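Heads up: the structure comes next, in structure tokens.
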Amino acid sequence: MNTPIYDRLEIYLVAAALLLAIGIYGLIRRRTLIGMLISGELIFSAASLNFMAFSRFTAPDPAVGRIFVLFIMGLAAAEVAIGLSIIIAVYRNYRSVKTRELSDLNG
Amino acid sequence: MNAFPASNLIVSVAFVFALATMVLGALIAVGSRLLIRSVCGLAICSVGLAGLYYFLHSPFLALMELLIYVGAVCVTVVFAIMLAEPTEPKNEEKRGPTLFWGGTALAAAVAIFWSLWWLGKSTGWKTPASRLTDGSVKAIGVSLLTTYSMAFELISVALLVAILGALAIARTGRTKP
């Protein structure tokens with residue numbers, strides 16, 4: 001195997017899969033809204049890393065994957081802004097961001 | 001023969017360092033009980049990810065990752081933590097369901113990781129015969145303003161709407177002093 005470790009697609013794919021797995025574990029395991037939001041950001045990062053790896057190694061036009069990653073970053077920033085303002089509104093009403101206590105619709 | 005025989009080794013060590021930084025930051029982000037530490041884990045993870053972007057021949061995206069994630073997203077989350085509550089709650093539930101859901105989460109994560117690993121290893125990825133562009137900042141800019149100009153404008157409108165919506169949501173329900 002002559003290609004160095006940083007020039008192999010599989011390494012990046014495995015790293016992205018690991019990041020996705022950690023993010024999903026945190027999304028299920030966390031008990032506060034902010035913790036779930038942080039885990040969601042990890043999942044976004046995994047998707048971005050996959051796009052970057054494929055645009056570097058297999059895409060005929062490498063600019064496409066990079067533009068898509070830029071769009072993912074912009075939408076993640078918008079999502080964080082909206083999500084955090086909702087979390088703060090929820091905290092003002094309930095005095096808590098624990099997911100277990102936000103159960104008014106739980107009939 | 002390369003002029004610097006150890007240069008490949010040094011670059012490999014830097015790559016492994018970036019990879020380890022990313023994984024360690026992600027583990028801190030999901031594992032820590034103090035929320036401020038998990039935000040710091042997210043920042044560390046983003047720094048490692050920026051290093052990986054650099055190894056993928058894209059220093060521009062590495063810079064953007066640092067600017068947007070470490071500079072904007074993490075700072076915003078830190079403000080939200082200061083306004084809301086700082087710690088993950090103590091575990092007041094029963095032991096059985098906690099262990100059950102923790103096991104379920106771990107099993108789901110391991111299953112996804114293993115299947116994606118298998119998929120990435122077993123598929124024969126082909127490198128293209130020729131590249132249309134070189135993926136430089138100039139190519140990205142030209143594509144953004146020609147092929148993807150509509151999506152670019154939509155993203156800017158989405159960001160504007162998100163900022164206005166965040167202000168509107170966070171304002172309502174605030175009592176006057």
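What you see below is based on every heavy atom in this structure, not just the backbone, and it leaves out hydrogens, waters and symmetry mates. Just so it is clear, the structure is predicted and the values come from calculations on it, not from any experiment. Note on naming: letters A, B, ... go to the chains in the order of the sequence lines (proteins, then strands), and numbering restarts at 1 for each one.
Between chain B and the residues A/M73, A/E79, A/E41, the most heavy-atom pairs under 4.5 angstrom are made by A/M73. Looking only at heavy-atom pairs under 4.5 Å with chain A, the residue among B/I155, B/V161, B/L116 that has the most is B/I155. With chain A as partner, the option from B/F55, B/W101, B/F152 having the largest number of non-hydrogen pairs under 4.5 angstrom is B/F55. Ranked by heavy-atom pairs shorter than 4.5 Å toward chain B, the options A/I11, A/L70, A/L37, A/V69 are led by A/L70. Between chain A and the residues B/L154, B/T147, B/L132, B/L9, the largest count of heavy-atom pairs under 4.5 Å involves B/L132. Here B/Y148 is the residue among B/F79, B/Y148, B/W114 with the most heavy-atom pairs under 4.5 Å with chain A. Comparing A/V80, A/L13, A/I34 by how many heavy-atom pairs each has under 4.5 Å with chain B, the most go to A/I34.
The parts of A/I86 that come within reach of chain B are both its backbone and its side chain, each placing non-hydrogen atoms under 4.5 angstrom from that chain. With a 4.5 angstrom heavy-atom cutoff, B/V137 does not touch chain A via any of its atoms. Contact annotation for A/L9: only side-chain heavy atoms (C-beta onward) come within less than 4.5 Å of a heavy atom of chain B. Of the two parts of A/I5, the backbone and the side chain both hold a non-hydrogen atom closer than 4.5 Å to a non-hydrogen atom of chain B. With a 4.5 Å cut-off on non-hydrogen atoms, A/A59 touches chain B through its backbone but not through its side chain. Contact annotation for A/L27: neither backbone nor side-chain heavy atoms come within less than 4.5 Å of a heavy atom of chain B. Both the backbone and the side chain of A/V14 come within contact range of chain B, judged by heavy atoms closer than 4.5 Å. Both the backbone and the side chain of B/L83 come within less than 4.5 Å of a heavy atom in chain A. Heavy atoms closer than 4.5 Å to chain A are found in both the backbone and the side chain of B/L61. Using a 4.5 Å cut-off between heavy atoms, A/S55 touches chain B through its backbone atoms (N, CA, C, O) alone. Proximity to chain A (any heavy atom under 4.5 Å) is shown, for B/T127, by both the backbone and the side chain. Heavy atoms of A/I24 lying under 4.5 Å from chain B belong exclusively to its side chain. Interface residue B/A80: backbone and side-chain heavy atoms are both found under 4.5 Å from chain A. Proximity to chain B (any heavy atom under 4.5 Å) is shown, for A/I22, by both the backbone and the side chain. At a 4.5 Å heavy-atom cutoff, the contact between B/F60 and chain A is made by side-chain atoms alone. Heavy atoms of B/L52 lying under 4.5 Å from chain A belong to its backbone as well as its side chain. Within the 4.5 angstrom heavy-atom criterion, only side-chain atoms of B/V16, from C-beta onward, approach chain A. Interface residue B/L56: backbone and side-chain heavy atoms are both found under 4.5 Å from chain A. In this structure, chain A has heavy atoms under 4.5 Å from both the backbone and the side chain of B/A151. Within the 4.5 angstrom heavy-atom criterion, only side-chain atoms of B/I68, from C-beta onward, approach chain A. For a residue to count as touching a neighbouring chain, one of its non-hydrogen atoms must lie under 4.5 Å from one of that chain's; by this rule A/A89 touches chain B with the side chain only.
Between A/Y12 and B/F15, the angle of the ring planes goes over 60°, which puts this pair in the perpendicular group of the 30/60° scheme. Using cut-offs of 30° and 60° for the angle between ring planes, the A/F51 and A/F68 rings count as parallel.
Between atom CE of residue B/M22 and atom CG of residue B/L19 there is a gap of 5.5 Å, rounded to the nearest 0.5 Å. Summarising the geometry, atom CD1 belonging to A/I87 is positioned 5.0 Å from atom CG belonging to A/L33; distances are rounded to the nearest 0.5 Å. Distance check, rounded to the nearest 0.5 Å: OG of B/S46 to CG of B/L67 gives 12.0 Å. Atom CG of residue B/L27 and atom CG of residue A/L42 lie 9.5 Å apart, to the nearest 0.5 angstrom. In this structure, CD on B/E153 lies 10.0 Å from CG on B/L144, to the nearest 0.5 angstrom. Note: B/I169 CD1 to B/L164 CG = 11.0 Å, rounded to the nearest 0.5 Å.
B/S115 places a side-chain N or O within 3.5 Å of a backbone atom of B/I112 that can act as its donor or acceptor partner. At least one donor-acceptor pair closer than 3.5 Å links the side chain of B/T123 to the backbone N or O of B/L119. Proximity of a side-chain donor or acceptor of B/W125 to a complementary backbone N or O of B/G120 within less than 3.5 Å is detected.
Transitive grouping of hydrophobic side chains (ILVMFWY, heavy atoms separated by less than 4.5 Å) keeps A/M36 and B/V78 in distinct clusters.
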Criterion side chain to side chain contact (heavy atoms under 4.5 Å, CB included) on B/C74 and B/Y69, from CA distance to verdict: CA-CA 6 Å; B/C74 286; B/Y69 272 90; 5.6 Å; no
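Across B/N8 and A/P4, no two heavy atoms sit closer than the pair OD1-CB, 3.6 Å. Scanning all heavy atoms of the two residues, the minimum distance from A/A16 to A/N50 falls at CB-OD1, 3.8 Å.
Listed by first then second residue, pairs satisfying salt bridge (charged side-chain N to carboxylate O under 4.0 Å, His left out) with a partner in residues 45-74 of chain A read A/D7-A/R56, not counting sequence neighbours.
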